[in-house]
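Here the structure is laid out as structure tokens; the discussion comes afterwards.
Below, chains carry the letters A, B, ... as their sequence lines are ordered, and counting in each starts from 1.
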Number of protein chains: 2
Amino acid sequence: MYSQAEENYLKTIYALEKDFGNEVSTNLIAGKIKTKASSVTDMLKKLANKELVIYKRYQGVYLTELGRLSALKVIRKHRLWECFLVQKLQFNWDEVHDIAEQLEHVKSELLINKLDAFLRFPKLDPHGDPIPDAQGRVLLSKTLSIKDMKIGTAGIFVGVKDSSSVFLQYLNKKNLALGDKIRVIDIEPFDDSYHIETKTHRLVITSNVAENLCLKNVK
Amino acid sequence: MYSQAEENYLKTIYALEKDFGNEVSTNLIAGKIKTKASSVTDMLKKLANKELVIYKRYQGVYLTELGRLSALKVIRKHRLWECFLVQKLQFNWDEVHDIAEQLEHVKSELLINKLDAFLRFPKLDPHGDPIPDAQGRVLLSKTLSIKDMKIGTAGIFVGVKDSSSVFLQYLNKKNLALGDKIRVIDIEPFDDSYHIETKTHRLVITSNVAENLCLKNVK
DNA sequence: CAAAAAATTTAGACTTACCTAAAATAATAT
DNA sequence: ATATTATTTTAGGTAAGTCTAAATTTTTTG
């Protein structure tokens, strides 16, 4: 099977393809993985040799079908472990990412399928992300980031793009939780800040935050 | 913290000290870890630099107090994960060792203490081995291997020394399970084989097997 | 469209944890 | 007590994954 480093690259490339379209650049990967561009280049060559990605010098990469499925296996493991940590071990949603980053590399198909059953086949992880099934199928729910919404529209807060503990702790502090109905009251053109309101309060968020909140439309 | 390789050495040295007395030889470690003696020498120097072991060239090693506590932390994690796998995920006792070998290296004190609580603070793992507590305290239950028993005596089968799947599957096949009362009927001096009986059946085991079965005396 | 800037790759080096082969030391046997 | 054997260590090398610095290619810009 693949090394931890390889798995981390696959997972990252998968996520970046989703966010930035199908050709992912060396620097983008380096930024996400917190490594240097030269290290990324080395790894991309290795992944290309194993037919996990298509890589052409100076052109960026994208996953092959094999690469995509391999990435989804890692993502499946990561999200199932997050469910376990929150549902069974009573962790908060802002504490589980780093631990799941380790657990996702444990090798055993049987283990992950038994874990899936133990958790009663959850469909979403604690951050609202869909969990791929054993065959690598994922629901792609069409959610909007607040950045894409017009003034006056509302939606249900169903997921975050960034699941780092800093960001989630910020949301905790601001009393924003999955399931909340959020309405965009105003967008300030000067600094691109968003005025939003929930059932209980109003607040101002930066566009950076707005981008990381995923809402599902309500009519 | 320590690398996976370092943790594996600590765990192995701890186990070997128990079995073979306090000075553990390079070759013994190499045998257990399935590596070469020269690699062991390299690692022992590294562990000695970190004050985890006392090592003198050609003299073998033993753990320092720091080394012993570090080893016990790894062992604690290994055994708690084994409990989880058997009790919660319905694994058989012969399937969990290799998976626990991976899980034991996941770094998070909080995780392991929450897991401990989730499992209701088990005292023994599925192979009858005691689980160290968060402070590194272990029950050392005085059990006998069948090899140390006299003809005619009996005991309760409470643990195994070898938790490899091959050995545990052998026990399954021979219908020997933890909790069984086992009596030594006869010892054949020619080949050092043991004739034993349980409530339900009699069988002959080699001294190799006898050595790996731990019994608790009944009066 | 050429020059400057940005992105990417190459070259060479480092660390960890292994390995083989040879040398050194310890244990055993005659 | 010395010679043989077994064990352990040293020396030198490999692969994975990272790094820095320099070179190359692409993109941007005046």
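Using a 4.0 Å heavy-atom distance criterion, B/T26 is classed as a sugar-phosphate-only contact.
Regarding A/I29, its CD1 atom lies at a distance of 14 Å from the P atom of C/dA7, rounded to whole Å. B/L47 places its CG atom 13 Å from the P atom of D/dT9, with the value rounded to the nearest Å. Taking atom NZ of residue B/K45 and atom P of nucleotide D/dT8, one finds them 14 Å apart after rounding to whole Å. The interatomic distance linking A/L28 (CG) with C/dA6 (C1') rounds to 14 Å, in whole Å. Atom NZ of B/K56 and atom C1' of C/dT25 are 16 Å apart (whole Å). Straight-line distance from the CD atom of A/Q4 to the P atom of D/dT18: 11 Å, rounded to whole Å.
Ion pairing between B/K107 and A/D98 fails under the 4.0 Å rule for side-chain N and carboxylate O. Taking 4.0 Å as the cut-off between side-chain N and carboxylate O, B/E17 and B/R68 do not count as a salt-bridged pair.
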List the atom pairs, donor and acceptor, that lie under 3.5 Å between side-chain atoms in residues 123-137 of chain B and the rest of the protein, sequence neighbours left out.
from	atom 1	to	atom 2	distance (Å)
B/K123	NZ	B/F121	O	3.1
B/D125	OD1	B/H127	N	2.7
B/D125	OD1	B/G128	N	3.1
B/D125	OD1	B/D129	N	3.0
B/H127	ND1	B/E82	OE1	3.0
B/H127	NE2	B/W93	O	2.9
B/D133	OD1	B/Q135	N	2.8
B/D133	OD1	B/G136	N	3.0
B/D133	OD1	B/R137	N	2.9
B/D133	OD2	B/R137	NE	2.9
B/D133	OD2	B/R137	NH2	3.2
B/Q135	OE1	B/R137	NH2	3.4

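Considering A/K77, A/K73, A/Q4, A/K11 as possible partners of A/E104, the one that fulfils the side-chain hydrogen bond (donor to acceptor under 3.5 Å, both in side chains) test is A/K11.
Side-chain nitrogen and oxygen atoms of A/N27 include none within less than 4.0 Å of the OP1 or OP2 phosphate oxygen of C/dA6.
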Contacts under 3.5 Å, N or O only, protein and nucleotides 18-21 of chain C:
from	atom 1	to	atom 2	distance (Å)
C/dC18	N4	B/D42	OD2	3.2
C/dC19	OP2	B/T35	OG1	2.7
C/dC19	OP2	B/K36	N	3.0
C/dC19	OP2	B/S39	OG	2.6
C/dT20	OP2	B/K36	NZ	3.3
C/dT20	O4	B/S38	OG	2.9

Measure all distances between protein nitrogen or oxygen atoms and nitrogen or oxygen atoms of nucleotides 23-27 of chain D, and list the pairs falling under 3.5 Å.
from	atom 1	to	atom 2	distance (Å)
D/dT24	O2	A/Y58	OH	3.3
D/dT25	O4'	A/Y58	OH	3.3

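Side-chain atoms of A/D192 never come within 3.5 Å of backbone atoms of A/E188 as a donor-acceptor pair (strictly under, hydrogens ignored).
A cation-pi arrangement, defined by a distance under 6.0 Å to the six-membered ring centre and an angle within 45 degrees of its axis, is present between A/K88 and A/F118.
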Item to check | ring-ring contact (aromatic ring centres under 6.0 Å, His included) assessment of A/F84 paired with B/F84 | outcome: CA-CA 12 Å; A/F84 169 72; B/F84 169 72; 4.9 Å; yes

Item to check | B/V53/B/Y62 under side chain to side chain contact (heavy atoms under 4.5 Å, CB included): CA gap, chis, key distance, verdict | outcome: CA-CA 5 Å; B/V53 300; B/Y62 57 92; over 6 Å; no

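One finds the NZ atom of B/K50 at 10.5 Å from the OG atom of B/S70 (value rounded to the nearest 0.5 Å).
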